[in-house]
Amino acid sequence: MMMIETARQRPRVEGGREEEILEATVTVLAELGYDRLTMDSVATLAKASKATLYRRWSTKADLVVDAISRTKGCPLPEDVDTGSLRGDLIAMSCGEGGFTDELPMSVIAGLVTALHRDADLQKAFRERFLAPRQSISAGVYTRAVARGEIGPDVDIEMLSVTLPAVIVHQAYILGEQPTEELILRVIDHIILPAARGSQAS
(Lines give C-alpha, C1' and ligand atoms only; values in the text may rest on other atoms or scores of the structure.)
Protein backbone atom coordinates (compact mmCIF):
# COMPACT_ATOMS: atom_id res chain seq x y z
CA MET A 1 0.00 0.00 0.00
CA MET A 2 2.83 2.30 0.94
CA MET A 3 4.56 1.66 -2.38
CA ILE A 4 1.38 2.44 -4.34
CA GLU A 5 0.86 5.71 -2.50
CA THR A 6 4.48 6.69 -3.07
CA ALA A 7 4.11 6.05 -6.79
CA ARG A 8 1.00 8.21 -6.90
CA GLN A 9 2.75 11.04 -5.12
CA ARG A 10 5.59 11.20 -7.64
CA PRO A 11 5.39 14.41 -9.68
CA ARG A 12 3.98 13.82 -13.13
CA VAL A 13 5.40 15.18 -16.36
CA GLU A 14 3.07 17.73 -17.92
CA GLY A 15 0.93 17.16 -21.00
CA GLY A 16 1.78 14.40 -23.43
CA ARG A 17 5.47 14.49 -22.56
CA GLU A 18 5.13 11.63 -20.08
CA GLU A 19 3.71 9.29 -22.72
CA GLU A 20 6.46 10.34 -25.12
CA ILE A 21 9.10 9.50 -22.52
CA LEU A 22 7.48 6.14 -21.76
CA GLU A 23 7.29 5.26 -25.44
CA ALA A 24 10.93 6.27 -25.89
CA THR A 25 11.81 3.99 -22.97
CA VAL A 26 10.10 1.01 -24.61
CA THR A 27 11.89 1.74 -27.89
CA VAL A 28 15.31 1.91 -26.24
CA LEU A 29 14.58 -1.19 -24.17
CA ALA A 30 13.62 -3.19 -27.26
CA GLU A 31 16.74 -2.04 -29.12
CA LEU A 32 19.40 -2.14 -26.39
CA GLY A 33 18.04 -4.29 -23.56
CA TYR A 34 17.72 -3.31 -19.92
CA ASP A 35 21.44 -3.37 -19.08
CA ARG A 36 22.46 -0.93 -21.80
CA LEU A 37 19.43 1.34 -21.36
CA THR A 38 20.32 4.57 -19.58
CA MET A 39 18.41 7.65 -18.51
CA ASP A 40 20.58 9.57 -20.98
CA SER A 41 19.59 7.35 -23.92
CA VAL A 42 15.89 7.71 -23.10
CA ALA A 43 16.19 11.47 -22.57
CA THR A 44 17.95 11.85 -25.92
CA LEU A 45 15.33 9.89 -27.85
CA ALA A 46 12.44 11.65 -26.07
CA LYS A 47 14.13 15.06 -26.47
CA ALA A 48 13.76 15.64 -22.75
CA SER A 49 16.25 16.61 -20.06
CA LYS A 50 17.63 13.95 -17.76
CA ALA A 51 16.52 16.12 -14.84
CA THR A 52 12.92 15.80 -16.07
CA LEU A 53 13.21 12.02 -15.99
CA TYR A 54 14.73 11.92 -12.50
CA ARG A 55 12.03 14.21 -11.11
CA ARG A 56 9.44 11.62 -12.13
CA TRP A 57 11.37 8.34 -11.84
CA SER A 58 14.10 7.96 -9.24
CA THR A 59 15.65 4.85 -10.80
CA LYS A 60 15.95 3.14 -14.14
CA ALA A 61 13.86 0.23 -12.82
CA ASP A 62 11.03 2.64 -11.91
CA LEU A 63 11.07 4.15 -15.38
CA VAL A 64 11.22 0.84 -17.23
CA VAL A 65 8.45 -0.87 -15.28
CA ASP A 66 6.25 2.21 -15.57
CA ALA A 67 6.87 2.23 -19.32
CA ILE A 68 6.12 -1.43 -19.99
CA SER A 69 3.07 -1.32 -17.72
CA ARG A 70 1.43 1.75 -19.23
CA THR A 71 2.69 2.64 -22.66
CA LYS A 72 0.98 1.70 -25.92
CA GLY A 73 4.01 -0.47 -26.69
CA CYS A 74 2.94 -3.14 -24.19
CA PRO A 75 -0.80 -2.72 -23.76
CA LEU A 76 -2.72 -4.85 -21.30
CA PRO A 77 -4.63 -7.50 -23.25
CA GLU A 78 -8.35 -6.82 -23.27
CA ASP A 79 -10.41 -9.05 -21.00
CA VAL A 80 -13.02 -10.28 -23.49
CA ASP A 81 -15.64 -12.86 -22.51
CA THR A 82 -16.30 -14.77 -25.74
CA GLY A 83 -18.34 -17.51 -24.10
CA SER A 84 -15.74 -20.26 -24.41
CA LEU A 85 -12.27 -21.07 -23.06
CA ARG A 86 -10.91 -21.42 -26.58
CA GLY A 87 -12.33 -18.08 -27.68
CA ASP A 88 -11.07 -16.28 -24.58
CA LEU A 89 -7.55 -17.70 -24.96
CA ILE A 90 -7.39 -16.71 -28.62
CA ALA A 91 -8.66 -13.20 -27.89
CA MET A 92 -6.19 -12.76 -25.04
CA SER A 93 -3.20 -14.23 -26.88
CA CYS A 94 -3.62 -13.01 -30.45
CA GLY A 95 -5.00 -9.50 -29.95
CA GLU A 96 -3.26 -6.26 -29.12
CA GLY A 97 -0.80 -6.84 -26.29
CA GLY A 98 -0.93 -10.61 -26.83
CA PHE A 99 1.82 -13.08 -27.64
CA THR A 100 1.77 -12.33 -31.36
CA ASP A 101 2.42 -8.63 -30.80
CA GLU A 102 6.03 -8.21 -31.91
CA LEU A 103 6.92 -5.17 -29.82
CA PRO A 104 5.85 -6.59 -26.45
CA MET A 105 7.80 -9.81 -27.09
CA SER A 106 10.92 -7.84 -28.04
CA VAL A 107 10.49 -5.65 -24.97
CA ILE A 108 10.23 -8.62 -22.62
CA ALA A 109 13.28 -10.12 -24.31
CA GLY A 110 15.16 -7.00 -23.29
CA LEU A 111 14.28 -7.67 -19.65
CA VAL A 112 14.74 -11.44 -19.34
CA THR A 113 18.37 -11.45 -18.27
CA ALA A 114 18.08 -8.52 -15.88
CA LEU A 115 15.02 -9.99 -14.16
CA HIS A 116 17.11 -12.90 -12.87
CA ARG A 117 19.62 -10.73 -11.04
CA ASP A 118 17.92 -7.43 -10.25
CA ALA A 119 15.63 -7.97 -7.24
CA ASP A 120 14.07 -4.48 -7.41
CA LEU A 121 13.27 -4.86 -11.08
CA GLN A 122 11.88 -8.35 -10.54
CA LYS A 123 9.61 -7.21 -7.70
CA ALA A 124 8.27 -4.22 -9.62
CA PHE A 125 7.81 -6.32 -12.76
CA ARG A 126 5.79 -8.94 -10.92
CA GLU A 127 3.58 -6.45 -9.10
CA ARG A 128 2.93 -3.90 -11.83
CA PHE A 129 3.31 -5.80 -15.10
CA LEU A 130 2.58 -9.47 -14.45
CA ALA A 131 -0.13 -9.17 -11.81
CA PRO A 132 -2.74 -7.42 -14.01
CA ARG A 133 -2.12 -9.95 -16.80
CA GLN A 134 -2.36 -12.87 -14.40
CA SER A 135 -5.65 -11.45 -13.17
CA ILE A 136 -7.06 -11.50 -16.71
CA SER A 137 -5.83 -15.05 -17.22
CA ALA A 138 -7.38 -16.13 -13.92
CA GLY A 139 -10.70 -14.68 -15.06
CA VAL A 140 -10.54 -16.72 -18.28
CA TYR A 141 -10.07 -19.98 -16.39
CA THR A 142 -12.59 -19.10 -13.67
CA ARG A 143 -15.26 -18.54 -16.31
CA ALA A 144 -14.30 -21.82 -17.98
CA VAL A 145 -14.76 -23.68 -14.69
CA ALA A 146 -18.19 -22.08 -14.22
CA ARG A 147 -19.19 -23.18 -17.74
CA GLY A 148 -18.09 -26.75 -17.02
CA GLU A 149 -15.29 -26.66 -19.60
CA ILE A 150 -12.64 -27.71 -17.08
CA GLY A 151 -12.78 -31.05 -15.29
CA PRO A 152 -12.91 -31.14 -11.47
CA ASP A 153 -9.61 -33.01 -11.25
CA VAL A 154 -7.64 -30.55 -13.39
CA ASP A 155 -4.74 -28.55 -11.90
CA ILE A 156 -5.94 -25.12 -13.05
CA GLU A 157 -2.85 -23.29 -11.78
CA MET A 158 -0.60 -25.51 -13.92
CA LEU A 159 -2.96 -25.38 -16.87
CA SER A 160 -3.05 -21.57 -16.84
CA VAL A 161 0.73 -21.25 -17.23
CA THR A 162 1.09 -23.84 -20.00
CA LEU A 163 0.42 -21.53 -22.93
CA PRO A 164 2.79 -18.78 -21.69
CA ALA A 165 5.45 -21.44 -20.99
CA VAL A 166 5.33 -22.75 -24.55
CA ILE A 167 5.43 -19.22 -25.95
CA VAL A 168 8.43 -18.28 -23.78
CA HIS A 169 10.25 -21.43 -24.94
CA GLN A 170 9.46 -20.65 -28.56
CA ALA A 171 10.54 -17.02 -28.32
CA TYR A 172 13.52 -17.07 -25.97
CA ILE A 173 14.96 -20.57 -26.33
CA LEU A 174 14.29 -21.21 -30.02
CA GLY A 175 14.41 -17.53 -31.00
CA GLU A 176 11.21 -17.67 -33.07
CA GLN A 177 8.47 -15.08 -33.00
CA PRO A 178 5.23 -16.72 -31.78
CA THR A 179 2.58 -17.05 -34.45
CA GLU A 180 -1.18 -17.39 -34.32
CA GLU A 181 -0.77 -20.88 -35.79
CA LEU A 182 1.44 -21.94 -32.86
CA ILE A 183 -1.00 -20.49 -30.32
CA LEU A 184 -3.93 -22.35 -31.91
CA ARG A 185 -1.95 -25.60 -31.89
CA VAL A 186 -1.16 -25.23 -28.18
CA ILE A 187 -4.76 -24.36 -27.35
CA ASP A 188 -6.33 -27.13 -29.43
CA HIS A 189 -3.85 -29.93 -28.80
CA ILE A 190 -2.66 -29.23 -25.26
CA ILE A 191 -4.85 -26.80 -23.30
CA LEU A 192 -8.33 -27.99 -24.27
CA PRO A 193 -7.62 -31.75 -23.99
CA ALA A 194 -5.89 -31.18 -20.64
CA ALA A 195 -8.80 -29.02 -19.45
CA ARG A 196 -11.20 -31.93 -19.81
CA GLY A 197 -9.05 -34.06 -17.50
CA SER A 198 -10.60 -37.42 -16.66
CA GLN A 199 -13.75 -36.29 -18.44
CA ALA A 200 -11.95 -36.68 -21.76
CA SER A 201 -13.24 -39.57 -23.79
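Scope of the values below: all heavy atoms of this structure, side chains included, with no hydrogens, waters or symmetry mates. These figures come from a predicted structure and were not determined experimentally.
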- Task: Flag yes if more than 12 heavy atoms outside Arg126 fall under 6.0 Å of its CZ atom; otherwise flag no.
- Result: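 No - once you tally the heavy atoms of other residues, nucleotides and ligands closer than 6.0 Å, there are 12 at most.
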- Task: Can you establish whether the number of heavy atoms outside Gln177 located under 6.0 Å from its atom CD is more than 12?
- Result: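 Yes, enclosed.
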- Message: Go through it in stages, so that I can follow the logic: the residues are Val64 and Trp57, the test is side-chain contact (heavy atoms from CB on, under 4.5 Å), and I'd like the CA-CA distance, side-chain angles, deciding distance and then a yes or no.
- Response: CA-CA 9 Å; Val64 167; Trp57 301 277; over 6 Å; no
- Query: Would you say Leu130 and Leu29 are hydrophobically clustered, going by side-chain heavy atoms of ILVMFWY under 4.5 Å?
  - Reply: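 Leu130 clusters together with Leu29.
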- Which residues satisfy the side chain to side chain contact (heavy atoms under 4.5 Å, CB included) test with Ala91, sequence neighbours excluded?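 In terms of side chain to side chain contact (heavy atoms under 4.5 Å, CB included), with neighbours along the sequence ignored, Ala91 is linked to Val80, Thr82.
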- Contacts of Arg36 that satisfy side chain to side chain contact (heavy atoms under 4.5 Å, CB included) - sequence neighbours left out: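 Partners of Arg36 under the side chain to side chain contact (heavy atoms under 4.5 Å, CB included) test: Leu32.
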Quick one: are [X] and [Y] in side-chain contact, heavy atoms under 4.5 Å?
X: Ile190; Y: Arg185; result: no
X: Leu22; Y: Leu63; result: yes
X: Tyr141; Y: Ile191; result: yes

What are the two closest heavy atoms between [X] and [Y], and how far apart are they?
X: Glu127; Y: Pro132; answer: O-CD, 4.1 Å
X: Gly83; Y: Asp81; answer: N-OD1, 3.1 Å
X: Asp62; Y: Arg128; answer: O-NH2, 3.9 Å
X: Ala24; Y: Val42; answer: CB-O, 4.1 Å
X: Ala194; Y: Val154; answer: O-CG2, 3.4 Å
X: Arg143; Y: Asp88; answer: NH2-OD2, 3.1 Å

- Message: For Tyr54, does the six-membered ring have the charged nitrogen or CZ of Arg56 within the cation-pi criterion, i.e. under 6.0 angstrom from the centroid and within 45° of the normal?
- Response: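 That pair does not qualify as a cation-pi contact.
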[X] [atom1] to [Y] [atom2] distance, which is reported to the nearest 0.5 Å:
X: Ile156; Y: Thr142; atom1: CD1; atom2: OG1; value: 7.0 Å
X: Ile136; Y: Met92; atom1: CD1; atom2: CE; value: 8.0 Å
X: Glu18; Y: Glu23; atom1: CD; atom2: CD; value: 11.5 Å

List the atom pairs, donor and acceptor, that lie under 3.5 Å between side-chain atoms in residues 108-119 and the rest of the protein, sequence neighbours left out.
unit_1	atom_1	unit_2	atom_2	d
Arg117	NH1	Asp35	OD1	3.4
Arg117	NH2	Asp35	OD1	3.1
Arg117	NH2	Asp35	OD2	2.3
Asp118	OD1	Asp120	N	3.2
Asp118	OD1	Leu121	N	2.9

- Query: Between Ser41 and Thr44, does any side-chain donor sit less than 3.5 Å from a side-chain acceptor?
  - Reply: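 Distance-only check fails for Ser41 and Thr44.
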- Task: Would you please say whether a donor-acceptor pair under 3.5 Å links the side chains of Asp66 and Ser69?
- Result: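 Absent: no donor and acceptor within the cut-off.
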For the backbone of [Y] and the side chain of [X], can you confirm whether one donor and one acceptor N or O come within less than 3.5 Å of each other?
X: Glu176; Y: Gln170; value: no
X: Ser93; Y: Leu89; value: yes
X: Thr52; Y: Ala48; value: no
X: Thr162; Y: Met158; value: yes
X: Lys60; Y: Leu37; value: yes

- Would you call Arg196 and Asp153 a salt bridge, using N to O less than 4.0 angstrom?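 Judged by the 4.0 Å cut-off on N to carboxylate O distance, Arg196 and Asp153 do not form a salt bridge.
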- Item | Among Leu163, Thr100, Ile167, the one residue meeting side-chain contact (heavy atoms from CB on, under 4.5 Å) with Leu182 |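 Checked Leu163, Thr100, Ile167 against Leu182; only one passes side-chain contact (heavy atoms from CB on, under 4.5 Å): Ile167.
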- Among all residues two or more places apart in sequence or in another chain, which pass the salt bridge (Lys or Arg N to Asp or Glu O under 4.0 Å) test with Asp40?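 Expected list: Lys50.
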- Message: My understanding is that only residues two or more places apart in sequence, or in another chain, count here; which of them pass salt bridge (Lys or Arg N to Asp or Glu O under 4.0 Å) with Glu20?
- Response: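 Applying salt bridge (Lys or Arg N to Asp or Glu O under 4.0 Å) to Glu20 gives Arg17.
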- Message: Please enumerate all residues that pass side chain to side chain donor-acceptor pair (under 3.5 Å) together with Ser160, with sequence neighbours excluded.
- Response: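 If we apply the side chain to side chain donor-acceptor pair (under 3.5 Å) test to Ser160, skipping adjacent residues, there are no hits.
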- Start with the C-alpha gap between Ile90 and Leu184, add the side-chain angles, then the distance that decides, and say whether side-chain contact (heavy atoms from CB on, under 4.5 Å) holds. CA-CA 7 Å; Ile90 292 172; Leu184 291 175; 3.4 Å; yes
